[in-house]
A.B. asks: 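Handing you this structure, nothing more for now.
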Amino acid sequence: MMGVAALVVGVGFLVWAYHQAVNPPPPKICGSPNGPPVTSPRIKLSDGRYLAYKERGVPKEQAKYKVILVHGFDNSKDMYLPLSQDLFDELGLYLVTFDRAGYGESDPNPKRLVKSEAFDLQELADQLELGPKFHVIGVSIGTYPIWACLKYIPHRLAGAALVVPVVNYWWPSFPSDLASRNYKKQLARDQWKLGIAHHIPGLTYWWLTQKWFPSSSILDRHPTIFSKQDVEIIQTMSKIPMPDEHKIRQQGVYESLHRDLMVHFGKWDFDPMELKNPFPNNEGSVHLWQGYHDQMVPFEMQRYLAQKLPWIQYHELPDSGHLLIYHNKLCEAIFRSLLLGEECSVACNSVPH
């Protein structure tokens with residue numbers, strides 16, 4: 001009898017431990033009794049969620065160009081951008097960044113999809129009265145909302161830029177040998193991370209919080225993922241005060257970081273490489289920026305994507321890695337190219353083969 005009781009207790013403990021491991025704690029919603037305070041302007045979306053935003057540059061009423069910039073993984077609306085006020089004034093640029101769902105001070109979206117990110121962005125533009133058309137820029141994993149905009153709201157876009165866009169290895173148009181070869185170039189921890197996010201997303205929280213095995217090179221800040229230029233940029237940024245950095249994960253890592261991975265590396269409703277040119281009459285342009293030494297996003301896959309979508313203007317930078325938007329000259333080049341159609345004045349497109 002005692003043996004049966006011990007077995008029941010043991011099984012019960014294992015079930016409890018499994019439940020604790022795979023089920024994340026509830027998010028700490030900003031503005032709720034036990035949540036962080038709301039300190040930023042926010043809009044209320046049609047589904048009742050709140051979206052926090054930050055405005056920079058010239059007043060939107062005086063702006064020649066209105067741009068919405070979408071932050072990447074483990075970042076927020078307060079992301080550092082090496083743009084001077086003189087440049088904002090010269091371009092007549094109004095720039096708005098926002099916390100994507102679950103990040104910073106924006107409410108989580110347990111139903112988040114690639115598609116829903118585009119409509120969050122559109123609602124932000126409408127409530128801020130940016131007009132019928134606006135430009136969009138996405139960075140790293142923050143480019144899946146831009147792909148969604150190109151799919152679902154192309155009529156609202158004046159132009160778009162995808163900066164070091166993270167690829168989904170399971171997009172159907174990628175040849176299996178190309179995807180497999182580049183997938184296996186990653187550290188084992190990242191192969192596991194992406195495989196779990198794609199095939200068994202319910203274990204994503206467990207994988208990224210367990211302590212037995214390394215789980216993510218980007219969360220571990222593993223040195224192999226940074227190029228020489230990336231390291232120089234990190235050294236420069238380390239000297240710049242970022243007082244709001246602590247807010248990025250303040251509502252919890254599951255609805256911000258983990259859901260980002262599950263959405264981006266999950267199954268999409270469309271294949272980006274089957275998109276049509278949103279500007280058939282050259283009334284706008286789409287740009288893709290890639291660093292040749294990017295250790296997180298393989299340049300081979302970006303080249304293939306650019307070949308499949310010849311209407312995208314592809315810029316491959318021979319000396320750059322994943323953090324190129326934080327390089328002052330490259331950041332300026334991204335905006336000038338998108339808004340003014342200027343050719344990149346820093347070394348672009350001259351890459352080894």
Side-chain angles (χ1 to χ4, degrees), residues 43 45-47 51 53 60 63-72 93-98 100-101 109 111-168 171-174 260 263-264 266-290 301-302 304-315 325 334-342:
I43 63 163
L45 299 170
S46 57
D47 63 2
L51 201 72
Y53 65 92
K60 62 187 174 188
K64 184 176 181 181
Y65 300 105
K66 298 169 185 176
V67 178
I68 299 176
L69 190 146
V70 185
H71 68 79
L93 171 61
Y94 165 85
L95 177 67
V96 60
T97 51
F98 67 98
R100 292 192 290 115
N109 182 6
K111 299 179 180 179
R112 194 188 337 172
L113 300 168
V114 173
K115 183 177 183 178
S116 68
E117 294 280 280
F119 290 102
D120 282 1
L121 188 153
Q122 179 175 238
E123 282 200 63
L124 176 66
D126 289 341
Q127 292 201 38
L128 293 181
E129 299 181 339
L130 300 191
K133 288 182 180 286
F134 44 86
H135 290 81
V136 292
I137 299 175
V139 182
S140 189
I141 206 171
T143 52
Y144 73 79
I146 307 305
W147 288 119
C149 288
L150 292 168
K151 169 66 176 178
Y152 297 111
I153 58 166
H155 58 288
R156 300 300 307 274
L157 303 182
L162 302 114
V163 183
V164 294
V166 175
V167 298
N168 183 324
W171 285 338
S173 290
F174 278 136
D260 234 2
V263 172
H264 180 80
K267 185 176 180 181
W268 289 32
D269 291 333
F270 65 96
D271 183 342
M273 283 169 278
E274 294 181 350
L275 290 174
K276 304 299 183 183
N277 184 357
F279 307 113
N281 300 313
N282 296 319
E283 64 273 32
S285 60
V286 181
H287 300 256
L288 193 158
W289 296 80
Q290 170 70 24
M301 301 192 75
Q302 300 289 30
Y304 183 85
L305 189 152
Q307 290 170 2
K308 294 284 286 185
L309 299 174
W311 43 269
I312 286 184
Q313 297 184 34
Y314 181 59
H315 311 272
I325 197 168
I334 289 167
F335 278 85
R336 288 187 177 278
S337 179
L338 175 64
L339 303 178
L340 306 180
E342 290 186 5

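Worth saying up front: this structure is predicted, and the values here are computed from it rather than measured.
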A.B. asks: Return the CD1 to SG distance between I68 and C149, rounded to the nearest 0.5 Å.
C.D. replies: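 That separation rounds to 7.5 Å.
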A.B. asks: Mind running side-chain contact (heavy atoms from CB on, under 4.5 Å) on W289 and I325 for me, showing each step along the way?
C.D. replies: CA-CA 9 Å; W289 296 80; I325 197 168; over 6 Å; no
A.B. asks: Nearest 0.5 angstrom please: D120 CG to F98 CZ, how far?
C.D. replies: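 The CG atom of D120 sits 7.0 Å away from the CZ atom of F98.
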A.B. asks: Provide the closest heavy-atom pair for R112 versus A101 in the form atom of the first, atom of the second, distance.
C.D. replies: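 Reported closest heavy-atom pair: NH2-O, 3.1 Å.
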A.B. asks: Nearest 0.5 Å, what's the CD1-CG distance between I146 and L150?
C.D. replies: 7.5 Å
A.B. asks: Are the side chain of N281 and the backbone of E283 linked by a donor-acceptor contact shorter than 3.5 Å?
C.D. replies: no
A.B. asks: For residues 132-142, please give each side-chain donor-acceptor pair under 3.5 Å, one per line with the distance, not counting sequence neighbours.
C.D. replies:
unit_1: K133; atom_1: NZ; unit_2: H155; atom_2: O; d: 2.8
unit_1: S140; atom_1: OG; unit_2: H322; atom_2: NE2; d: 2.8

A.B. asks: List the atom of A158, the atom of F279, and the distance in Å for their closest heavy-atom pair.
C.D. replies: C-CZ, 3.8 Å
A.B. asks: Y314 vs L305, test: side-chain contact (heavy atoms from CB on, under 4.5 Å). Steps then yes/no.
C.D. replies: CA-CA 10 Å; Y314 181 59; L305 189 152; over 6 Å; no
A.B. asks: I'd like to know if the side chain of E123 reaches the main chain of S46, judged simply by a donor and an acceptor atom lying under 3.5 Å from each other, with no hydrogens or angles considered.
C.D. replies: yes
A.B. asks: If you compare all heavy atoms of W268 against all heavy atoms of P272, which two are closest, and at what distance to 0.1 Å?
C.D. replies: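 Closest pair (atom of W268, atom of P272, distance): CZ3-CG, 3.7 Å.
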A.B. asks: Hey, could you give me the CG/CG distance between L162 and L309, rounded to the nearest 0.5 Å?
C.D. replies: 10.0 Å
A.B. asks: Under 4.0 Å between a side-chain nitrogen and a carboxylate oxygen: does that hold for D260 and R100?
C.D. replies: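 Yes, this pair counts.
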A.B. asks: Is a side-chain donor or acceptor of D271 paired with a backbone partner of W171 at a separation under 3.5 angstrom?
C.D. replies: no
A.B. asks: For a quick test of reading the model, state the closest non-hydrogen atom pair linking I153 to Q122 and the distance between them.
C.D. replies: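 That would be CG2-OE1, 3.5 Å.
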A.B. asks: Between V263 and V114, does a side-chain contact (heavy atoms from CB on, under 4.5 Å) hold up when you go through it step by step?
C.D. replies: CA-CA 6 Å; V263 172; V114 173; 3.8 Å; yes
A.B. asks: For V167 and F174, run side-chain contact (heavy atoms from CB on, under 4.5 Å): C-alpha distance rounded to whole Å, both residues' side-chain angles, the deciding distance at 0.1 Å, then the answer.
C.D. replies: CA-CA 10 Å; V167 298; F174 278 136; 4.1 Å; yes
A.B. asks: How close do K308 and S173 get, heavy atom to heavy atom, and via which atoms?
C.D. replies: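 Between these two residues, the closest heavy atoms are CE-CB, 4.4 Å.
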A.B. asks: In Å and rounded to the nearest 0.5 Å, what is the CG to OH distance from L113 to Y144?
C.D. replies: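 It is 9.0 Å, given to the nearest 0.5 Å.
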A.B. asks: Tell me if a side-chain donor or acceptor on K60 pairs with a main-chain N or O of L128 at a distance below 3.5 Å.
C.D. replies: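 Yes, because the side chain of K60 sits within donor-acceptor range (under 3.5 Å) of the backbone of L128.
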A.B. asks: Which pair of heavy atoms, one from P165 and one from Q302, lies closest together, and at what distance?
C.D. replies: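 Where P165 meets Q302 most closely, the heavy atoms are O-NE2, 2.7 Å.
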A.B. asks: About how many Å separate CE of M273 and CD of Q307, when rounded to the nearest 0.5 Å?
C.D. replies: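 One finds 11.5 Å between CD of Q307 and CE of M273.
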